[in-house]
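None of the values given here were measured: they were computed from a predicted structure.
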Amino acid sequence: MTDTEIEITADLVRDLLEEQHPDLAGLPIREVEGGWGNQMWRLGGELAVRMQRMDPTPELQLKERQWLPVLAPRLPLPVPTPVRLGEPSERFPKHWTVMTWVPGEPLDHGSISRGAHAADTLAGFLRALHVEAPADAPISTDFGAHPRNCTDGFESLFQAVVPDDIAADVRAVWDDAVTAPAWEGPRVWVHGDLHPANVVVSDGTLSGIVDFGAMFAGDPAWDLAAAWVLLPDGTASRFFDTYALADEAAIRRARGLAAMKSLFLMLMGQNGDRGLPGGKPHWGPAGRAALDRVLKGL
């Protein structure tokens, strides 16, 4: 059995806790639906265990361990914060981390009914996050590039899922992003992977942000794309007004990246419909709705 084939069960999680953090081993354990690179297990009422699963290296989890304690105190929404570290062992040769639990429901299983409030909340969170990062902050190789350097990825998604009737409009949005001026400001902290499974909602609005494994220092446009990917129809303009730090070039880049992210959600939905590993059928409609919002602009 290879590392990636290790079956992660509640019994395994409890065994690991007994070995390394026995004072937590008596808490109730239950699996959290979703997760691909890492699998989540609820631990009692206030904690969660994040188990490295399909991620080929522990880099993303180690990044969260290092930087979330630095970022969390100044962010206006709850984020998962490491409280105990689990090290590789004979029982489980990968990393795992006990983190604070962010209460609420993932947006891909919930909805936002208070659009204006959610727009203001997201803008406030990103204003607080998007501050200049230190020199040793991580630089992403997968996220953070100017759209012109993401053309191959966009084309692959475009060919796989774009409906013919909107293909020209989608390409026009992308082409505009490709020609937009690059980010010339300081490298700022960026979440990098804001999509419906990585934000938490309650009472009809955003209430938490999770999964910082992709975070990096660079162009904030990668997060500003969330104005279309996450927020309801007609609220992008309010978001940018409240955020108040994005110039025209940043909005153009963000809109193109939102188109690409929407296509990714649609592809994951298509994969789910086909029964492929990692596919998520319910992401398809969310991606198409986000793409429609992108095409409407601000």
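Residue Glu155 places its CD atom among more than 12 non-hydrogen atoms of other residues, nucleotides or ligands, all under 6.0 Å distant. Heavy-atom neighbours of Asp23 CG from other residues, nucleotides or ligands within 6.0 Å: above the threshold of 12.
A donor-acceptor pair under 3.5 Å is absent between the side-chain atoms of Ser156 and the main chain of Gly153, judged by distance alone. Within the 3.5 Å criterion, the main-chain N or O of Ala25 finds a donor-acceptor partner in the side chain of Arg14. Side chain of His21 to backbone of Leu85: a donor-acceptor contact under 3.5 angstrom is found. Side-chain atoms of Thr81 do not come within 3.5 Å of backbone N or O of Thr100 as any donor-acceptor pair. Between the side chain of Arg293 and the backbone N or O of Pro232, no donor-acceptor pair lies under 3.5 Å. A side-chain donor-acceptor contact under 3.5 Å links Arg114 to the backbone of Asp203. Counting only distance, with no hydrogens or angles, the side chain of Lys63 and the backbone of Gly213 share a donor-acceptor pair below 3.5 Å. Side chain of His191 to main chain of Trp222: no donor-acceptor pair is present (N/O by atom type, distance under 3.5 Å, no hydrogens or angles).
Checking His195 against Asn198 by side-chain atom types alone, a donor-acceptor pair falls below 3.5 Å. Asp108 and His282 are linked by a side-chain donor-acceptor pair at a separation below 3.5 angstrom, with hydrogens and angles left out of the test.
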Practice prompt. Kindly indicate, with the supporting measurements, whether the criterion side-chain contact (heavy atoms from CB on, under 4.5 Å) is fulfilled by Leu77 and Thr121.
Written response: CA-CA 8 Å; Leu77 287 176; Thr121 300; 3.7 Å; yes
Practice prompt. Test side-chain contact (heavy atoms from CB on, under 4.5 Å) on Leu129 and Val190 and set out the steps.
Written response: CA-CA 7 Å; Leu129 176 64; Val190 180; 5.8 Å; no
Worksheet item: side chain to side chain donor-acceptor pair (under 3.5 Å) between Gln20 and Glu87: does it pass, once the steps are laid out?
Response: CA-CA 8 Å; Gln20 300 189 33; Glu87 300 305 324; over 6 Å; no
Worksheet item: Given the rule in the side-chain contact (heavy atoms from CB on, under 4.5 Å) test, do Val131 and Val188 qualify, once you have shown the distances and angles that lead to the verdict?
Response: CA-CA 5 Å; Val131 299; Val188 301; 5.9 Å; no
Worksheet entry | Criterion side-chain contact (heavy atoms from CB on, under 4.5 Å) on Gln270 and Leu267, from CA distance to verdict | CA-CA 5 Å; Gln270 184 182 94; Leu267 179 62; 3.8 Å; yes
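Under the 4.5 Å side-chain heavy-atom criterion for grouping Ile, Leu, Val, Met, Phe, Trp and Tyr, Leu71 is connected to Leu122 within one hydrophobic cluster. Follow the hydrophobic side-chain contacts under 4.5 Å out from Phe158 and you reach Met260 in the same cluster. Follow the hydrophobic side-chain contacts under 4.5 Å out from Leu230 and you reach Leu75 in the same cluster. By the rule that hydrophobic residues join a cluster once side-chain heavy atoms approach within less than 4.5 Å of another member, Phe212 and Trp101 end up as members of separate clusters. Under the 4.5 Å side-chain heavy-atom criterion for ILVMFWY residues, no single connected hydrophobic cluster contains both Met99 and Met51.
Close placement of the Tyr243 and His130 rings is indicated, their centers lying within 6.0 Å of each other. For Phe125 and Trp189, the distance between ring centers is not under 6.0 angstrom.
The line from NZ of Lys261 to CZ of Phe143 is 6.5 Å long, rounded to the nearest 0.5 Å. Separating the CD1 atom in Ile209 from the CG atom in Leu107 is a distance of 9.5 Å, to the nearest 0.5 Å. Note that CE of Met268 and CG of Leu276 are 10.0 Å apart. Values are rounded to the nearest 0.5 Å. Between atom CD1 of residue Ile166 and atom CG of residue Asp292 there is a gap of 6.0 Å, rounded to the nearest 0.5 Å. In this structure, the separation between CE on Met215 and CG on Asp193 is 12.0 Å, given to the nearest 0.5 Å. Taking CG of Leu257 as the reference point, atom CG of Asp219 lies at 7.5 Å (rounded to 0.5 Å).
The two residues Ala197 and Pro106 come nearest to each other via the heavy atoms O-CB, 4.3 Å. Closest non-hydrogen pair, Gly218 versus Trp183, comes out as O-NE1, 3.8 Å. Of all heavy-atom pairs between Glu19 and Ser89, the closest is OE1-OG, 4.0 Å. Shortest non-hydrogen contact noted between Leu194 and Leu126 is CD1-CD2, 4.1 Å. Residues Pro281 and Asp273 come closest through the heavy atom pair CB-OD1, 3.6 Å. Closest approach of Phe92 and Leu12 over heavy atoms only: CD1-CD2, 3.9 Å.
For the side chain to side chain contact (heavy atoms under 4.5 Å, CB included) test, residues two or more places apart in sequence or in another chain that qualify with Ala119 are Leu231, Thr235, Arg238, Phe239. Every residue two or more places apart in sequence or in another chain that forms a side chain to side chain contact (heavy atoms under 4.5 Å, CB included) with Pro78 is listed here: Val102.
At a threshold of 4.5 Å between non-hydrogen side-chain atoms, the residues Ile139 and Arg187 count as touching. By the 4.5 Å heavy-atom criterion applied to side chains, Leu298 and Trp228 are counted as neighbours. Arg288 places none of its side-chain heavy atoms less than 4.5 Å from the side chain of Ser262. No side-chain heavy atom of Leu24 sits less than 4.5 Å from a side-chain heavy atom of Val49. Between Ile251 and Leu224, the closest side-chain pair of non-hydrogen atoms is not below 4.5 Å. Side-chain contact between Gln61 and Lys94: absent, with no pair of heavy atoms (C-beta onward) separated by less than 4.5 Å. Between Pro103 and Ser207, the closest side-chain pair of non-hydrogen atoms is not below 4.5 Å. Under the 4.5 Å side-chain criterion, counting only non-hydrogen atoms from C-beta, Trp96 is in contact with Leu17.
No option in Val162, Leu291, Asn271, Leu157 other than Leu291 meets the side-chain contact (heavy atoms from CB on, under 4.5 Å) test with Met266. If you run salt bridge (Lys or Arg N to Asp or Glu O under 4.0 Å) between Asp176 and each of Arg171, Arg253, Arg252, only Arg252 comes through.
At a threshold of 4.0 Å, the pair Arg50-Asp211 counts as salt-bridged, since one of the basic side-chain nitrogens sits closer than that to a carboxylate oxygen.
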